[in-house]
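This is the structure I have questions about; it appears just below.
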Amino acid sequence: MDWLNDNSMLLAQKTLDVSWAKQKAALNNIANVDTPGFKAKYVLFEDELRSRLSRFSGLAAVRKSDVREAILGSRMRIRQSDEESIRADGNNVNLDVEELEIARNTYQYEFALRQVNDQLSRLRIAIEGR
């Protein structure tokens, strides 16, 4: 069923997974704002995906299977923040940054969810023959 799992749907699914992981990381950081020595964690994904897809720039023809492999091969990674803490307890969580990340991530999640819904709506219309 390649028409249900094309590259755009695969990327939207991957984006939803990454958004969920980012949301959990930001909420965990906020929950530990008063934990001495806690270091904020964040999720990386976009740079790896961009790097994998950049190899196709400038090519006249790109195979769908190659793009699919690039998407599937892109992995999210959780990293600990190396930022210095200005607090005496060594905690480096910045509530303003975390709240901004939650808001930004909410929009990204909603956009990806809308992409999935739109794709499924187009398929439903095609099946129903409207």
Side-chain angles (χ1 to χ4, degrees):
M1 295 181 87
D2 284 340
W3 50 270
L4 185 58
N5 247 348
D6 65 357
N7 287 341
S8 62
M9 184 68 91
L10 178 64
L11 184 57
Q13 290 170 355
K14 193 82 127 161
T15 300
L16 289 170
D17 291 342
V18 170
S19 292
W20 181 250
K22 285 182 176 185
Q23 199 79 346
K24 285 180 13 182
L27 291 172
N28 185 54
N29 290 342
I30 290 172
N32 285 288
V33 70
D34 292 324
T35 303
F38 182 83
K39 301 299 181 194
K41 295 178 183 55
Y42 55 96
V43 177
L44 300 173
F45 174 73
E46 290 85 356
D47 289 339
E48 182 174 345
L49 177 64
R50 187 177 301 112
S51 173
R52 287 179 178 271
L53 293 175
S54 69
R55 69 178 195 212
F56 303 125
S57 66
L59 296 179
V62 178
R63 293 185 319 198
K64 290 180 183 180
S65 61
D66 290 339
V67 173
R68 183 176 195 77
E69 286 178 29
I71 294 170
L72 288 172
S74 299
R75 302 277 182 238
M76 68 178 122
R77 305 198 190 298
I78 298 175
R79 296 280 189 237
Q80 181 173 300
S81 174
D82 294 332
E83 289 185 21
E84 293 290 325
S85 174
I86 58 171
R87 294 172 37 179
D89 66 359
N91 185 308
N92 69 351
V93 174
N94 181 332
L95 279 178
D96 292 334
V97 169
E98 299 305 326
E99 289 171 352
L100 183 61
E101 177 63 20
I102 287 173
R104 186 192 67 75
N105 192 56
T106 299
Y107 287 119
Q108 184 176 3
Y109 186 86
E110 289 175 0
F111 179 77
L113 193 57
R114 181 163 296 213
Q115 283 182 300
V116 170
N117 286 334
D118 288 350
Q119 178 78 2
L120 293 175
S121 292
R122 286 189 294 275
L123 289 172
R124 187 181 71 244
I125 289 169
I127 290 168
E128 292 173 353
R130 284 196 248 165

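Atom set for the values below is all heavy atoms of this structure, side chains included, hydrogens, waters and symmetry mates excluded. Heads up: numbering here begins at 1 and tracks the sequence.
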Practice prompt. Would you check, one step at a time, whether the test side chain to side chain donor-acceptor pair (under 3.5 Å) holds for Glu83 with Asn92?
Written response: CA-CA 7 Å; Glu83 289 185 21; Asn92 69 351; 5.7 Å; no
Item to complete: Evaluate side chain to side chain contact (heavy atoms under 4.5 Å, CB included) for Leu120 paired with Met9, printing each intermediate quantity in order.
Response: CA-CA 9 Å; Leu120 293 175; Met9 184 68 91; 3.9 Å; yes
Worksheet item: Going from CD on Glu46 to OG on Ser74, what distance comes out if it is rounded to the nearest 0.5 angstrom?
Response: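 The OG atom of Ser74 is 10.5 Å from CD of Glu46, to the nearest 0.5 Å.
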Discussion item. What verdict does the salt bridge (charged side-chain N to carboxylate O under 4.0 Å, His left out) test give for Glu110 and Arg114, after you've listed the backbone C-alpha separation in whole Å, the side-chain angles of each residue and the deciding distance to 0.1 Å?
Written reply: CA-CA 6 Å; Glu110 289 175 0; Arg114 181 163 296 213; over 6 Å; no
Fill in: Other cluster members, Tyr107 - Ile/Leu/Val/Met/Phe/Trp/Tyr, side-chain contacts below 4.5 Å
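Tyr107 clusters with nothing; isolated.
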Practice prompt. Go through the structure and list residues passing side-chain hydrogen bond (donor to acceptor under 3.5 Å, both in side chains) with Asp47, not counting sequence neighbours.
Written response: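 Counting only residues at least two positions away or on another chain, Asp47 forms a side-chain hydrogen bond (donor to acceptor under 3.5 Å, both in side chains) with Arg50.
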Practice prompt. Flag yes if more than 12 heavy atoms outside Phe111 fall under 6.0 Å of its CZ atom; otherwise flag no.
Written response: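 No, not enclosed.
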Worksheet item: Is there a donor-acceptor contact under 3.5 Å from the side chain of Asp89 to the main chain of Thr35?
Response: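 No, because the side chain of Asp89 does not come within donor-acceptor range (under 3.5 Å) of the backbone of Thr35.
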Worksheet item: Hey, any chance Leu11 and Leu53 share a hydrophobic cluster, counting ILVMFWY side chains that come within less than 4.5 Å of each other, even indirectly?
Response: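 Yes, it is one cluster - the side chains of Leu11 and Leu53 are joined through contacts under 4.5 Å.
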Worksheet item: Closest heavy-atom contact between Ser19 and Tyr109?
Response: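 Heavy-atom minimum between the residues: CB-CD1, 3.6 Å.
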Worksheet item: Any donor-acceptor pair under 3.5 Å linking the side chain of Ser85 with the backbone of Asn91?
Response: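 Judged by distance alone, yes, a pair lies under 3.5 Å.
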Discussion item. With rounding to the nearest 0.5 angstrom, report the CD1 to OH distance, Ile78 to Tyr42.
Written reply: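 Interatomic distance, Ile78 CD1 to Tyr42 OH, rounded to 0.5 Å: 11.5 Å.
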Worksheet item: Got a sec, which hydrophobics cluster with Val33, joining ILVMFWY side chains under 4.5 Å apart, including via others?
Response: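 ILVMFWY cluster around Val33 also holds Leu27, Ile30, Phe38, Val93, Leu95, Ile102.
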Worksheet item: Which distance, rounded to the nearest 0.5 Å, do you find between the CG of Leu16 and the CD of Gln115?
Response: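 Between Leu16 CG and Gln115 CD, I get 8.5 Å after rounding to 0.5 Å.
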Discussion item. Test your reading of the model: is there a side-chain donor-acceptor pair from Arg52 to the backbone of Gly73, 3.5 Å cut-off?
Written reply: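 A pair under 3.5 Å: yes.
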Fill in: Between Gln23 and Asn105: side-chain donor-acceptor atoms closer than 3.5 Å
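Present: a donor and an acceptor within the cut-off.
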Worksheet item: Distance-only, no hydrogens or angles: does the Asn29 side chain make a donor-acceptor pair with backbone N or O of Glu98 under 3.5 Å?
Response: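 Flag not set: sc Asn29 to bb Glu98 has no pair under 3.5 Å.
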